[in-house]
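In the text below, chain A, chain B and the rest are named by the order of the sequence lines, each starting its count at 1.
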Amino acid sequence: MNMLSKVALDPVPEGAIDVTPQGSDYETVRRVIEMITLEYRDQPSLEAIAAELGQSPTQLQKLFIRWAGLSPKAFLQAVTLDHAKRLLGQEGLPLLETSYEIGLSGPGRLHDLFVTHEAMSPGEWKARGSGLTIRYGFHVCPFGLALVMVTDRGLAGLAFADPGEERAALEDMMGRWRNAHYVEDLEATAPYVGRVFEREKWSADRPLNIVLIGTDFQVKVWQSLLKIPFGKAVTYSDVACDIGNPAANRAVGAAVGANPISFVVPCHRAVAKNGALTGYHWGLTRKRAMLGWEQGGA
DNA sequence: AGCCAGATGTCTG
DNA sequence: CAGACATCTGGCT
């Protein structure tokens with residue numbers, strides 16, 4: 001039913017997106033999200049947004065729902081500071097424990113993406129991917145173009161790019177494991193796109209295998225992020241406490257930022273203590289879009 | 001209310 | 001080795 005899901009299944013060769021109808025639709029949706037994100041304080045109406053883009057309000061509404069799974073108005077609401085604060089949980093409750101408990105057993109976990117992870121040994125990390133073969137490919141997803149990287153042990157990297165910026169994204173990711181051997185292989189990466197972005201395929205029976213390649217500290221931080229339930233958020237200092245180093249919240253911020261498997265390791269669910277959405281390696285707009293998307297499907 | 005330093009782990013030049 | 005970071009706190013004006 002969802003058009004996105006179908007699109008996400010088919011590998012799209014690099015560069016092809018620009019000339020397809022989906023490409024221009026995506027551009028429209030991207031601009032709507034950007035507008036809402038930048039001007040959410042003014043609570044722009046659907047009419048105002050449509051006028052700005054020279055589109056009819058009804059058409060724009062339909063298009064947006066098809067892509068984002070919720071209306072522009074709902075998205076606008078999901079993007080406000082109040083909303084992020086609400087995600088942080090009831091006031092007064094020790095946030096981390098409550099959300100983590102829910103995450104382990106409660107219904108909140110029902111719709112979450114199940115992941116089994118393994119970390120690379122320190123030796124492998126030092127080798128910077130030497131001797132490792134990494135297959136990669138670009139695919140369409142709700143947040144633009146997804147760059148997927150897999151090893152024979154599972155998903156190792158997930159990055160995003162706007163059409164035309166594939167090169168930069170690829171170089172950014174390749175720089176993380178300089179010595180690895182890279183092979184473009186859309187057939188290898190395509191199945192992962194479906195698993196990750198189609199909610200219907202999320203199940204506990206068949207968990208997704210991911211490989212965390214990083215320092216000990218970074219891996220600890222990423223494992224902590226994996227415990228945050230779908231549709232919830234925690235602060236950077238919550239994460240610092242969880243890994244047993246409450247003073248290291250700044251370092252946590254840096255480690256969260258270095259997360260190579262964005263979205264799957266839900267770094268977008270980490271927010272500043274006051275509920276503000278602070279930076280995101282692949283664009284703040286995208287971070288808001290992800291939280292909005294989770295809200296829409298929750 | 002705003003400004004500033006100090007703490008943390010890791011990366012870059 | 002000196003900054004720079006997707007932070008936060010407490011102390012100062």
Residues forming a side chain to side chain donor-acceptor pair (under 3.5 Å) with A:S262, sequence neighbours excluded
none

Applying salt bridge (charged side-chain N to carboxylate O under 4.0 Å, His left out) to A:R286 and not counting sequence neighbours gives A:D162

Beyond-backbone contact of A:K73 with A:L46, side-chain heavy atoms, under 4.5 angstrom
no

Sequence neighbours excluded, which residues qualify as ring-ring contact (aromatic ring centres under 6.0 Å, His included) partners of A:Y236?
none

Using the test side chain to side chain donor-acceptor pair (under 3.5 Å), find all partners of A:R30 that sit at least two apart in sequence or belong to another chain.
A:E27, A:E34

Any protein N or O atoms within reach of nucleotides 4-7 of chain C? Criterion: under 3.5 Å, listing atom names and distances.
{"unit_1": "C:dC5", "atom_1": "N1", "unit_2": "A:R250", "atom_2": "NH2", "d": "3.1"}
{"unit_1": "C:dA6", "atom_1": "O4'", "unit_2": "A:G279", "atom_2": "N", "d": "3.4"}
{"unit_1": "C:dA6", "atom_1": "N9", "unit_2": "A:G279", "atom_2": "O", "d": "3.3"}
{"unit_1": "C:dA6", "atom_1": "N7", "unit_2": "A:H281", "atom_2": "N", "d": "3.3"}
{"unit_1": "C:dA6", "atom_1": "N3", "unit_2": "A:Y236", "atom_2": "OH", "d": "2.8"}
{"unit_1": "C:dA6", "atom_1": "N3", "unit_2": "A:G279", "atom_2": "O", "d": "3.3"}
{"unit_1": "C:dT7", "atom_1": "O2", "unit_2": "A:N249", "atom_2": "OD1", "d": "2.9"}
{"unit_1": "C:dT7", "atom_1": "O4", "unit_2": "A:R250", "atom_2": "NH1", "d": "2.8"}

Any stem touching DNA chain C, meaning at least three consecutive Watson-Crick or G-U pairs under 3.5 Å, ordered by first number, would be B:1-7 with C:7-13, B:9-13 with C:1-5

Which is the 5'-most and which the 3'-most nucleotide of DNA chain B that has an atom under 4.0 Å from a heavy atom of chain A?
B:dA7 to B:dC11

Sequence neighbours excluded, the answer for side chain to side chain donor-acceptor pair (under 3.5 Å) partners of A:Q59 is none

Sorted by first residue and then second, give each salt bridge (Lys or Arg N to Asp or Glu O under 4.0 Å) pair with at least one member in residues 126-147 of chain A; sequence neighbours left out.
A:R135-A:D185

Residues forming a side chain to side chain contact (heavy atoms under 4.5 Å, CB included) with A:P207, sequence neighbours excluded
A:F114, A:T116

Between B:dG9 and C:dG10, how far apart are the C1' atoms? Round to whole Å, please.
22 Å

Would you measure the distance from the C1' atom in B:dG2 across to the matching atom in C:dA6 and give it in whole Å?
22 Å

List in chain and number order the residues that pass salt bridge (charged side-chain N to carboxylate O under 4.0 Å, His left out) with A:R250, two or more places apart in sequence or in another chain; answer none if no residue qualifies.
none

ring-ring contact (aromatic ring centres under 6.0 Å, His included) partners of residues 240-268 of chain A, not counting sequence neighbours, each pair once:
A:F143-A:F263, A:F197-A:F263, A:F263-A:H268, A:F263-A:W293

